[in-house]
2 protein chains.
Amino acid sequence: MHELLSLNVRQKISLSTQEEELLKTFFIPKKLRKKQFLLQEGEVCQYAAFVEKGLLRSYTVDKKGNEHILQFAMEGWWISDLFSFYSGEPSVYMIEAMEDAELLLIKKDRYEDLLQAIPSMERYFRLLLQNNLIATQRRLNDKLSLPAEELYLKLIDTCDSIPQRVPQHMIASFLGITRETLSRIRKQLSSSHKK
Amino acid sequence: MHELLSLNVRQKISLSTQEEELLKTFFIPKKLRKKQFLLQEGEVCQYAAFVEKGLLRSYTVDKKGNEHILQFAMEGWWISDLFSFYSGEPSVYMIEAMEDAELLLIKKDRYEDLLQAIPSMERYFRLLLQNNLIATQRRLNDKLSLPAEELYLKLIDTCDSIPQRVPQHMIASFLGITRETLSRIRKQLSSSHKK
DNA sequence: TAATCAGCGTGATAAATGTCACTTTTGTCA
DNA sequence: TGACAAAAGTGACATTTATCACGCTGATTA
């Protein structure tokens, strides 16, 4: 069950065999079925979740009822509402399983304990946050500077597993465009590609 | 010179007096005059910069020559191109002083040394990255879900010092809209407020 | 197997935002 | 202080994207 997590940690820092065993004791395994929620708007985010299997998304719902996807998380990724997790404030995000999923959860106080028990985990999480920030900044910059079509093109050639596992209307929601616009962009692309 | 940095660090972690002195030795003071660059597109980002005084921005320039501002950094903030700094790859960002500025710079290898010398700095940077990620995610979510007017309103009531120190066309560029659109939004707001 | 639903496509139209050209205002500094 | 540059405003128009309404298809399930 914890293989992916260990692997993931060992890619960033080195752990002794004891530490690796110790690490596992901090996590609670949890299964979610498709369409179940790990977190709903208004709740406090109790857990940070590492995805061993499956695919999840975090999203907000605006006044008109439209969903806006902040993040997808598949095998080897973390998902949580950092702000709510850390501050104890209610969350504005929903976290939902898009496929049956197996997670490893850690609660906030256990997370702090973990950093005490294995100080090098501080480094692991720093690197994790750093990579996440780099990726999020890049996505923001793209959203600030690129039209819908280029956003889509950039997505499909940087990260091909997402478009394969995720329905189009959710890709649209991730890019911040409507499903209709995405559908038209794809039509245009396929016709201009045929020439 | 290093007062703000010490203060900033001590807000997140506790340091002994020796550590605090030691900390200072890792940084190079640097002054920039308005419109000077800390980093230009194509260069490798050598430094992470802590702002003691002044105001800087990081931005990209697209094919049409339009600028898109990723970040402002004022007193007590960090600015850098994390990806380039960490990977040694050329940067796509420009970092420019918008006001005369005083910075504390740290090079990558010295940064690694610092983390060795004062392990609790690992925690400091983790918390820094975490807060930065939370803010960037929030900004991305806003950009995905809100129209121009609401983006602007949200900016002026969350962070009032930026609009005061930054010309409007750069606010527009930060929000990902044109200066004309922002100008019209402001006109509308002022007329509807008068009623 | 019929019924329902999620996902995708598409046409007509509306709304938001961008572009371009120009003017006015404000700020800077020689 | 005068001259120049930068910033901001504005009108006309173009483009992009959203909205709404509807149809089609394939999967799920009652």
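Letters A, B, ... are given to chains in the order of the sequence lines, protein chains preceding strands, and every chain is numbered from 1.
Distances were taken from every side-chain heavy atom of A:T178 (C-beta onward) to each of D:dT19, D:dA6, C:dG11; the shortest belongs to D:dT19. In this structure, the nucleotide among C:dG9, D:dT10, D:dA18 sitting nearest to the side chain of A:R179 is C:dG9. Closest to the side chain of B:I177, from the set D:dT10, C:dG18, D:dT17, is C:dG18.
For B:H169, no side-chain nitrogen or oxygen approaches OP1 or OP2 of D:dA6 to under 4.0 Å. Phosphate proximity of D:dA18 to A:K64: absent, as no side-chain N or O sits under 4.0 Å from OP1 or OP2. Between B:Q168 and D:dA6 there is no side-chain N or O to OP1 or OP2 distance below 4.0 Å. For C:dC8, neither phosphate oxygen OP1 nor OP2 lies less than 4.0 angstrom from any side-chain nitrogen or oxygen of A:K187.
Using a cutoff of 4.0 Å between basic side-chain nitrogens and carboxylate oxygens, B:K154 and B:D142 are scored as salt-bridged. With salt bridges taken as basic N to acidic carboxylate O contacts below 4.0 Å, none links B:E3 and B:K53. A salt bridge is absent between B:K31 and B:E99: the closest approach of a Lys/Arg side-chain nitrogen to an acidic carboxylate oxygen does not fall below 4.0 angstrom.
Look at NZ on B:K35: it is 7 Å from C1' on D:dA6, rounded to the nearest Å. Atom CD in B:Q188 sits roughly 13 Å away from atom P in D:dG9 (whole-Å rounding). Remark: P of C:dA6 and CD of A:E67 are 12 Å apart, rounded to the nearest angstrom. Nucleotide D:dA7 holds its P atom 13 Å from the CD1 atom of B:I171, rounded to whole Å. As rounded to whole Å, 12 Å separates atom P of C:dG9 from atom CD1 of A:I185. Across the protein-nucleic acid pair, B:D100 atom CG and C:dT28 atom C1' stand 14 Å apart, rounded to whole Å. Rounding to whole angstrom units, OH of residue B:Y152 and C1' of C:dT17 are separated by 17 Å. The CG-C1' distance, from A:N66 to D:dT17, rounds to 13 Å in whole Å.
Each of B:E149 and B:K34 has a nearest nucleotide on DNA chain C; the 5'-most of these lies closest to B:E149.
For C:dC8, the base has no donor-acceptor partner in the side chain of A:E180 [N/O atoms by modelled type, under 3.5 angstrom]. Counting distance only, with no hydrogens placed and no angle test, the side-chain atoms of A:R184 and the base atoms of D:dT19 include a donor-acceptor pair under 3.5 Å.
B:Y124 and B:N8 share a donor-acceptor pair across their side chains, judged by distance under 3.5 Å alone.
Remark: B:R138 qualifies as a cation-pi partner of A:F83 under the 6.0 Å distance and 45° angle criteria applied to the six-membered ring.
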